[in-house]
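A, B, ... follow the sequence lines: proteins, then strands. Residue 1 opens every chain. For the numbers below, each heavy atom of this structure counts, side chains included, while hydrogens, waters and symmetry mates do not.
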There are 2 protein chains.
Amino acid sequence: MTGQANGRTAATRPRIVRAAWEAFRERGYRASLEEVAARAGVVRQTLYNHFPGKKLLFGEVVRHATRSILVTLEGGESLRETLIAFGRALRERVLSPDGIAVYRTLVAEAATFPELAGHFFAEGPVATRERLAEVLAAAMRKGLLRRDDPAFAAEMLIAMLIEFDRLRRLLAPAGKHPAGDHKTEAVVDCFLRAFAPRDSGKKRT
Amino acid sequence: MTGQANGRTAATRPRIVRAAWEAFRERGYRASLEEVAARAGVVRQTLYNHFPGKKLLFGEVVRHATRSILVTLEGGESLRETLIAFGRALRERVLSPDGIAVYRTLVAEAATFPELAGHFFAEGPVATRERLAEVLAAAMRKGLLRRDDPAFAAEMLIAMLIEFDRLRRLLAPAGKHPAGDHKTEAVVDCFLRAFAPRDSGKKRT
DNA sequence: TTTATTTTGGACTGGACAGTCCAGTCCAGA
DNA sequence: TCTGGACTGGACTGTCCAGTCCAAAATAAA
């Protein structure tokens, strides 16, 4: 069923998913299917032509949103540049309205959708940590960082980049959201001091 | 109304609040008043004898829970000891089932109860950061830490202590929750390296 | 043009739940 | 013992919503 290359259908389904994401993003799983249908410019029954029920639609939407939050990590000139680029990309995605919304929704519904929450956790934070840890491990081997547990180091950097600002956006959206690039750099420098090679007496400008 | 020193009433009201907290903790704001009443060993109407409605009951319960999560910070022998004691206390509270539950509930309901969420943010994370920042500022004046923005430093320490483990508990409760005291110490040492005084070429063990 | 599929619109069921009302019961203190 | 305030039990309203069914209209493809 629900063949997906039929012209009208092919156009309808993505519209539904997009509309559903908007609705869930703003109102959480509370959002009614009526609301989703209205946003998609479609009637409620049509939703059931494409998805067996609300739960499955929610699952599809969340997986879609999860994918769109993933962060890339590419090498730069120096370790510091690489980490700063990573930090900016991470903060941009995670602290964006979509990033905050998907986080909020999954935290709220983790008890109802444990597999979805676990999937998000594994594909998001854990995968990001893993990839960052590889970069850090390489840097450790090159003597650019003190030898330590790369996964631990990665957790520390990610935590410092995100934690407090995400909290603010989650709980006090009215408040100001200051400091962008400057904060990223400050955190990366802080991280580099914490994990500087043991012997090095060097100081960076 | 709802006089509170009347024997039966005085015993009933706290029982309701406790029952409500249990219900909201497990099922979020979804929890029905029927469920709360059953847990309190009381009939639904009795709830309305003490609270004007679900929202107000929820508010009372959340303020109560917020208060119980607050972290103390007392000076110890050395800065390191002080921070480790703080780290342990913070992690114990924030990562406890109650800490996770109140966080989850408020993140989920922040749109519906913005004042409650804002209150929690201000009384919890922000207040904690502020108190920690004072300790750090004092240490900076004594030359025990590099001169830097104490609020920023406090954010970094708190983030490192909590972030990833909270995420795990929120999203993948089935997974293992390893590392306790050891992690606190590792984080504090990491923090002390990051904010060591600029000139000091000392190395710890 | 014909045909198969999708979409529409509207009606209906069943369930959950907040909030209200009221008559009757229980109990602590005067 | 009496009495007022608190609790009980049950019924009732209004609302919201997921999910189902169906006949009619629209539309794309053969």
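Across every non-hydrogen atom of B/Arg146 and B/Ala194, the tightest pair is CD-O, 4.0 Å. What you find for A/Lys54 and A/Tyr29 is that their closest heavy atoms are NZ-O, 2.8 Å.
Listed candidates were C/dC17, C/dA18, D/dG9. Nearest to the side chain of B/Val43 is D/dG9. Closest to the side chain of B/Lys54, from the set C/dA18, C/dG9, D/dG19, is C/dA18. Comparing C/dA18, D/dA18, D/dC7 by their nearest atom to the side chain of A/Ser32 picks out D/dA18.
Per the geometry, CG belonging to A/Leu33 stands 7 Å off P belonging to D/dG19, to the nearest Å. Rounded to an integer number of Å, the gap from CD of A/Glu34 to P of C/dG10 is 12 Å. Protein atom OH of A/Tyr29 is 13 Å distant from nucleotide atom P of D/dC17, rounded to whole Å. Between A/Leu47 atom CG and C/dG9 atom C1' the separation is 14 Å, expressed in whole Å. One atom, CZ of A/Phe51, and another, C1' of D/dT20, lie 19 Å apart when rounded to the nearest Å. Per the geometry, CZ belonging to B/Arg13 stands 19 Å off P belonging to D/dG5, to the nearest Å. Atom CZ of B/Arg30 and atom P of C/dA18 are 13 Å apart (whole Å). Here C/dT13 presents its P atom at 17 Å from OH of A/Tyr48, a figure rounded to the nearest Å.
The base of C/dG9 is not paired with the side chain of A/Arg44 by any donor and acceptor separated by under 3.5 Å. Judged by distance alone with a 3.5 Å cut-off, a donor-acceptor contact links the side chain of B/Gln45 to the base of C/dC21.
OP1 or OP2 of D/dA6 has not a single side-chain nitrogen or oxygen of B/Thr12 nearer than 4.0 Å. Taking 4.0 angstrom as the limit, A/His50 places none of its side-chain polar atoms (N or O) nearer than this to OP1 or OP2 of C/dT6. Checking the phosphate oxygens (OP1, OP2) of D/dA6, no side-chain nitrogen or oxygen of B/Thr46 falls inside 4.0 Å. Between A/Asn49 and C/dT7 there is a side-chain polar atom (N or O) within less than 4.0 angstrom of OP1 or OP2.
Residue order along DNA chain D, read from the 5' end via each residue's closest nucleotide, puts B/Val42 first among A/Gly53 and B/Val42.
In summary, A/Arg131 and A/Glu74 do not engage in a salt bridge, as defined by a charged side-chain N under 4.0 Å from a carboxylate O. Salt-bridge annotation for A/Asp98 and A/Arg93: absent, with no side-chain N of the basic residue lying under 4.0 Å from a carboxylate O of the acidic one.
Outside the 6.0 Å centre-distance limit, the rings of B/Tyr103 and B/Phe120 are not counted as a close aromatic pair.
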